[in-house]
Amino acid sequence: MSALSAPEGIVRLDPKSLRIKRFSALTTMTLPLIGTAAAVYLLLTGQFTTTDVVLFFLFYGVHLGGVTIGLHRYLAHKAFRTSPWFQDVLMAAGSMAAQGPLLFWVATHRRHHRFADREGDPHSPNLHGTGFKARIRGLWYAHMPWMLSDESSKWSVYAPDLLRERRLILHHRLYPLWVTAGLVLPTAIGFAVGHTAMSALSALVFGGLARIFVANQAAWCVGSLCHAFGSRPFDNGDKSTNNWWVAVLTFGEGLQNNHHAFPGSYRHATRWWEPDLSGWMLTALGRLHIVWNLHEPSAARIARKRTGAQRVSP
Ligand SMILES: [Zn+2]
Ligand SMILES: [Zn+2]
């Protein structure tokens with residue numbers, strides 16, 4: 001890697017590191033897409049079972065629970081604490097999402113918060129110009145192609161706390177194993193239920209590949225659509241928005257304007273009726289003493305910030 005360039009902590013990758021990054025990103029984009037095409041074919045020709053549908057939704061839950069509760073609210077924002085065994089569960093589940101190894105994920109995400117919608121934000125849809133075509137290009141870039149860029153967030157700048165945790169470094173290195181486990185597990189369950197090669201294959205397609213594609217498309221809408229369309233109840237100085245249908249699909253992550261207002265909160269909802277499945281699950285896990293020290297802003301702080309936003313809104 002070369003020397004630091006402005007903004008702080010962003011490095012240009014050397015040709016070999018860039019090839020590895022792009023190969024890894026393209027693989028996690030294209031293989032699930034091929035699997036999704038196979039799933040659509042099986043659906044249209046009636047060649048699927050109830051087990052396949054159950055596995056799709058089961059692993060969709062593991063995938064997004066792992067990303068939103070594990071990688072995002074726990075690891076990137078330290079919004080709560082938990083025991084080593086549950087941390088292992090969260091890190092394995094989050095890695096199964098195939099969104100990159102832990103240090104990459106956290107460093108990228110923290111950089112997104114530091115520079116939200118300004119130069120240095122790794123995936124803002126708002127830095128590509130103002131015309132219609134430029135807006136579409138920005139939305140597309142923030143959705144997927146940003147993963148192919150030749151820059152990287154320096155771990156020692158954006159994730160120094162994680163570099164000191166040997167257990168987390170182990171999970172970072174086990175990333176390929178966890179991604180593979182996220183494909184093997186549904187395949188094994190499908191075979192155990194159906195006892196045929198076809199039952200194993202369709203379980204791989206639905207619980208593994210199509211699940212990765214659909215869940216990640218929803219997750220990447222948080223970086224693209226939720227910095228462009230929706231409501232802005234809080235003035236965060238960025239373009240983050242709350243978008244309900246993305247929030248439903250991503251277990252609360254679509255409440256992006258709330259999250260940028262209170263990034264350290266374990267909840268993304270600021271009102272009880274805002275859809276935040278991960279926040280609700282964390283409240284339940286807190287009652288079971290599986291997680292603790294759940295951080296959230298006081299009602300008064302939320303109200304103050306909301307009133308301030310109304311004052312500055314046009
Ligand atoms: Zn954001
Ligand atoms: Zn965040």
Side-chain angles (χ1 to χ4, degrees), residues 7 9 64-80 90-91 94 97 99-100 102-128 135 138-147 149 153 155 157-159 161-162 216-247 249-270 274-279 281-282 294-297 302 305 309:
L64 279 169
V67 170
T68 64
I69 294 177
L71 304 190
H72 190 201
R73 302 186 198 194
Y74 175 70
L75 209 56
H77 291 296
K78 302 280 174 75
F80 62 91
L90 291 176
M91 296 306 101
Q99 292 187 3
L102 301 190
L103 287 164
F104 163 81
W105 202 101
V106 170
T108 305
H109 188 69
R110 287 179 179 171
R111 201 179 111 204
H112 167 62
H113 276 274
R114 187 178 294 184
F115 298 107
D117 293 310
R118 292 180 287 123
E119 187 196 355
D121 185 339
H123 49 67
S124 171
N126 300 302
L127 303 174
H128 299 257
R135 297 288 294 151
L139 279 167
W140 171 238
Y141 181 81
H143 194 66
M144 287 170 81
W146 68 269
M147 284 175 268
S149 85
S153 313
W155 299 343
V157 173
Y158 293 99
D161 49 328
L162 307 194
N216 279 347
Q217 287 302 314
W220 295 331
C221 282
V222 175
S224 55
L225 300 183
C226 294
H227 275 261
F229 304 109
S231 63
R232 292 194 177 100
F234 302 102
D235 179 37
N236 304 321
D238 58 35
K239 303 276 188 187
S240 59
T241 58
N242 286 349
N243 193 305
W244 269 47
W245 70 265
V246 179
L249 291 174
T250 58
F251 297 5
E253 304 292 287
L255 300 169
Q256 192 68 181
N257 183 260
N258 292 358
H259 174 56
H260 276 263
F262 308 104
S265 173
Y266 83 92
R267 294 203 290 197
H268 286 189
T270 56
E274 290 177 317
D276 182 21
L277 184 57
S278 285
M281 285 196 283
L282 278 168
L294 292 146
H295 300 300
E296 63 177 323
I302 294 172
K305 194 148 187 175

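It should be emphasised that the depicted structure is a prediction, and the values quoted were computed from it without experimental measurement. Indexing begins at 1, ligand by ligand and atom by atom, following the structure's order.
The distance from the Zn ion (ligand 1) to the nearest N/O/S atom of H112 is under 2.8 Å. Because the distance cut-off is set at 2.8 Å, H260 fails to qualify as a neighbour of the Zn ion (ligand 2), as none of its N, O or S atoms comes that close. Checking S240 against the Zn ion (ligand 1), every N/O/S atom stays at or beyond the 2.8 Å cut-off.
A donor atom on one side chain and an acceptor atom on the other are found under 3.5 Å apart for Q217 and H143.
Centred on the Zn ion (ligand 2), the NE2 atom of H77 and the NE2 atom of H259 lie at an angle of 100°, reported to 10°. Taking the Zn ion (ligand 2) as the corner point, the angle from H109 atom NE2 to H72 atom NE2 is about 90° (rounded to 10 degrees).
With salt bridges taken as basic N to acidic carboxylate O contacts below 4.0 Å, one links R110 and D161.
For H227, the N, O or S atom with the smallest separation from the Zn ion (ligand 1) is NE2.
Below 30°, between 30° and 60°, or above 60°: for H259 and H113 the angle between ring planes is above 60°, a perpendicular geometry.
Side-chain rings of H77 and H295 stay apart, their centers remaining 6.0 Å or farther from each other.
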### Query
Given the rule in the side chain to side chain contact (heavy atoms under 4.5 Å, CB included) test, do H123 and M147 qualify, once you have shown the distances and angles that lead to the verdict?
CA-CA 8 Å; H123 49 67; M147 284 175 268; over 6 Å; no
